Engineer: 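The structure under discussion is supplied below as structure tokens; questions concerning it will follow.
Since we're looking at a predicted model, the values are computed, not measured. Below, read A as the first sequence line, B as the second, and so on, with proteins coming before strands; counting in each chain starts at 1.
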Protein chains: 2
Amino acid sequence: MTSNISIIGKRLKEARVHAGLSQERLGILAGIDEFSASARMNQYERGKHEPGMEIMKRIAEKLHRPISYFYEVDDDLAHLIEIYGGLDQQRKEKLLAIAVELHGNQSE
Amino acid sequence: MTSNISIIGKRLKEARVHAGLSQERLGILAGIDEFSASARMNQYERGKHEPGMEIMKRIAEKLHRPISYFYEVDDDLAHLIEIYGGLDQQRKEKLLAIAVELHGNQSE
DNA sequence: TCACTAAGGTTTACTTAGTTG
DNA sequence: CAACTAAGTAAACCTTAGTGA
């Protein structure tokens, strides 16, 4: 069949498979009714329909990824977002500080 | 009036004002019909309606921000995303490399 | 069990037409 | 000109029911 057409679908599948969950199970964990979880999650992953932000937020939580990860089209930036989400608070602050510094000396 | 209720609305307003554009002008630049641009952009910014990813992608371009910026709920991460988007390619790669390294020595 | 889909009912977004500052 | 909104139309999503690997 066809490959993924949407960014959300691509990111969703990557993170879901990484978490070792089925489409239906993930949907149920995110609070979707058990009778429609399979269809809805599949529609999201295949790019047939776009999830609203509320359900996306709950899906993101269950997959341990920042919500922005699922919307980013740039693979490198998506990777950066993913890594940031996995860092402890101290390293998050450090990374942000480094980014600010890199940005600063770019303008000079 | 009332404050913003949605994340998208909050990020949208910040970036739009920073760019010095009116709601209507931004909508037109993003390709929305001139007769509905004002209403639609206002509905997005006030959180009345949620924009689809396609139009959001075009809005993000005009505001010079990665699309993920508009969906991120964490202010620090949103800031990191914003900075990343403004870096040149060399610094983008450097920042990503640093992130990977920070992540690596966290697990040890 | 898991991935996936068509079709129709339901919900939401989009357009129109306007008000207010 | 800029921000904003109600109401109706149009479009998208969600549910149901089901197929096939």
Engineer: Can you check whether A:R46 has a side-chain N or O nearer than 4.0 Å to OP1 or OP2 of C:dT5?
Structural biologist: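 Checking A:R46 against C:dT5: at least one side-chain N or O falls below 4.0 Å of OP1 or OP2.
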
Engineer: Any Lys/Arg nitrogen of A:K92 or B:D74 sitting under 4.0 Å from an Asp/Glu carboxylate oxygen of the other?
Structural biologist: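 Looking at B:D74 together with A:K92, the answer is no, because their closest N to O distance does not fall below 4.0 Å.
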
Engineer: Could you work out how much the helix from C:dT1-D:dA21 to C:dG21-D:dC1 bends, comparing the axis of its first five pairs with that of its last five, to 10°?
Structural biologist: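 It works out to 40° between the end axes.
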
Engineer: Round to the nearest Å and state the distance from B:M53 atom CE to C:dA13 atom C1'.
Structural biologist: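 Going from CE in B:M53 over to C1' in C:dA13 covers 17 Å.
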
Engineer: Does D:dC13 have OP1 or OP2 sitting under 4.0 Å from an N or O in the side chain of A:R40?
Structural biologist: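 Negative; the distance criterion is not met.
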
Engineer: Does B:L26 share a hydrophobic cluster with B:I28, counting links as ILVMFWY side-chain heavy atoms below 4.5 Å and allowing steps through other members?
Structural biologist: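 In one cluster with B:L26: B:I28, no.
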
Engineer: Among D:dA7, C:dA17, D:dA2, which nucleotide has an atom closest to any side-chain atom of B:S22?
Structural biologist: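 Among the listed nucleotides, the one closest to the side chain of B:S22 is D:dA2.
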
Engineer: With a cut-off of 6.0 Å (strictly less than), are more than 12 heavy atoms of other residues, nucleotides or ligands near CD of A:Q89?
Structural biologist: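 Buried by this count: over 12 neighbours within 6.0 Å.
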
Engineer: Please check the phosphate of D:dT5 (OP1 and OP2 only) for any side-chain N or O of B:Q43 closer than 4.0 Å.
Structural biologist: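 Checking D:dT5 against B:Q43, no side-chain N or O comes under 4.0 Å of OP1 or OP2.
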
Engineer: What do the steps show when you test A:E61 against A:R58 for salt bridge (Lys or Arg N to Asp or Glu O under 4.0 Å), and what is the final call?
Structural biologist: CA-CA 5 Å; A:E61 270 177 39; A:R58 301 210 295 275; over 6 Å; no

Engineer: Does atom CZ (B:R25) have a neighbourhood of more than 12 heavy atoms from anything else shown, all under 6.0 Å?
Structural biologist: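 For B:R25, atom CZ is not crowded (no more than 12 foreign heavy atoms under 6.0 Å).
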
Engineer: Does A:R11 count as lying over the ring of A:Y69, i.e. NZ or CZ under 6.0 Å from the six-ring centre, within 45 degrees of the axis?
Structural biologist: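 The answer is yes, since A:R11 meets both limits relative to A:Y69.
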
Engineer: How many Å lie between CD1 on A:I28 and C1' on C:dT1, as a whole number?
Structural biologist: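 The answer, rounded to whole Å, is 12 Å.
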
Engineer: Could you tell me the separation between the CD atom of A:E24 and the C1' atom of C:dT1, rounded to a whole number of Å?
Structural biologist: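 Nearest whole value for this atom pair: 9 Å.
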
Engineer: Please determine whether a side-chain nitrogen or oxygen atom of B:N42 lies at a distance below 4.0 Å from atom OP1 or OP2 of D:dA2.
Structural biologist: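 No.
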
Engineer: Is there a side-chain polar atom (N or O) of B:R25 under 4.0 Å from OP1 or OP2 of D:dA2?
Structural biologist: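 The answer is no; no side-chain N or O of B:R25 sits under 4.0 Å from OP1 or OP2.
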
Engineer: For A:F70 versus A:I7, what's the shortest heavy-atom pair and its separation?
Structural biologist: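 Looking at all heavy atoms of both residues, the shortest contact is O-CG2, 3.9 Å.
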
Engineer: Look at A:K94 together with A:D88 and state whether they make a salt bridge at an N to O cut-off of under 4.0 Å.
Structural biologist: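 Salt bridge between A:K94 and A:D88, a charged N being under 4.0 Å from a carboxylate O: no.
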
Engineer: Look at A:Y44 and D:dC13 and indicate whether a side-chain polar atom (N or O) is within less than 4.0 Å of OP1 or OP2.
Structural biologist: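 For A:Y44, the contact criterion (side-chain N or O under 4.0 Å from OP1 or OP2 of D:dC13) is not met.
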
Engineer: From NE2 of B:H49 over to P of D:dA12, roughly how many Å is that when rounded to an integer?
Structural biologist: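 My rounded result for the distance is 14 Å.
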
Engineer: I need the CG-C1' distance between A:L12 and C:dA3, as an integer number of Å.
Structural biologist: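 Roughly 14 Å, once rounded to whole Å.
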
Engineer: Under a 4.0 Å threshold between the charged nitrogen and the carboxylate oxygen, would B:R40 count as salt-bridged to B:E45?
Structural biologist: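 No, this pair does not count.
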
Engineer: If I take atom CD in residue A:E54 and atom P in nucleotide D:dC14, what distance separates them, rounded to the nearest angstrom?
Structural biologist: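 One finds 12 Å between P of D:dC14 and CD of A:E54, rounded.
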
Engineer: Test side-chain hydrogen bond (donor to acceptor under 3.5 Å, both in side chains) on A:E24 and A:S38; report intermediate values, then the result.
Structural biologist: CA-CA 4 Å; A:E24 184 178 30; A:S38 171; 5.3 Å; no

Engineer: Categorize A:R16 for me: base, sugar-phosphate, or nothing, with a 4.0 angstrom heavy-atom threshold over every strand shown.
Structural biologist: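 Sugar-phosphate, backbone atoms only, no base.
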
Engineer: Counting any heavy atom closer than 4.0 Å, what does B:E50 reach on the DNA or RNA strands: base, sugar-phosphate only, or nothing?
Structural biologist: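 Since only primed, P, OP1 and OP2 atoms lie under 4.0 Å of B:E50, the category is sugar-phosphate.
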
Engineer: I need the CG-C1' distance between A:L26 and C:dC2, as an integer number of Å.
Structural biologist: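 Whole-Å distance recorded here is 14 Å.
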
Engineer: Strictly below 4.0 Å, heavy-atom distances to any atom of DNA chain C: list the hits from residues 30-38 of chain A, or just say none.
Structural biologist: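 A:S38, in order of number.
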
Engineer: Which nucleotide wins on minimum distance to the side chain of B:K48, given the candidates D:dC4, D:dA6, C:dT5?
Structural biologist: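 Nearest to the side chain of B:K48 among the choices is D:dA6.
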
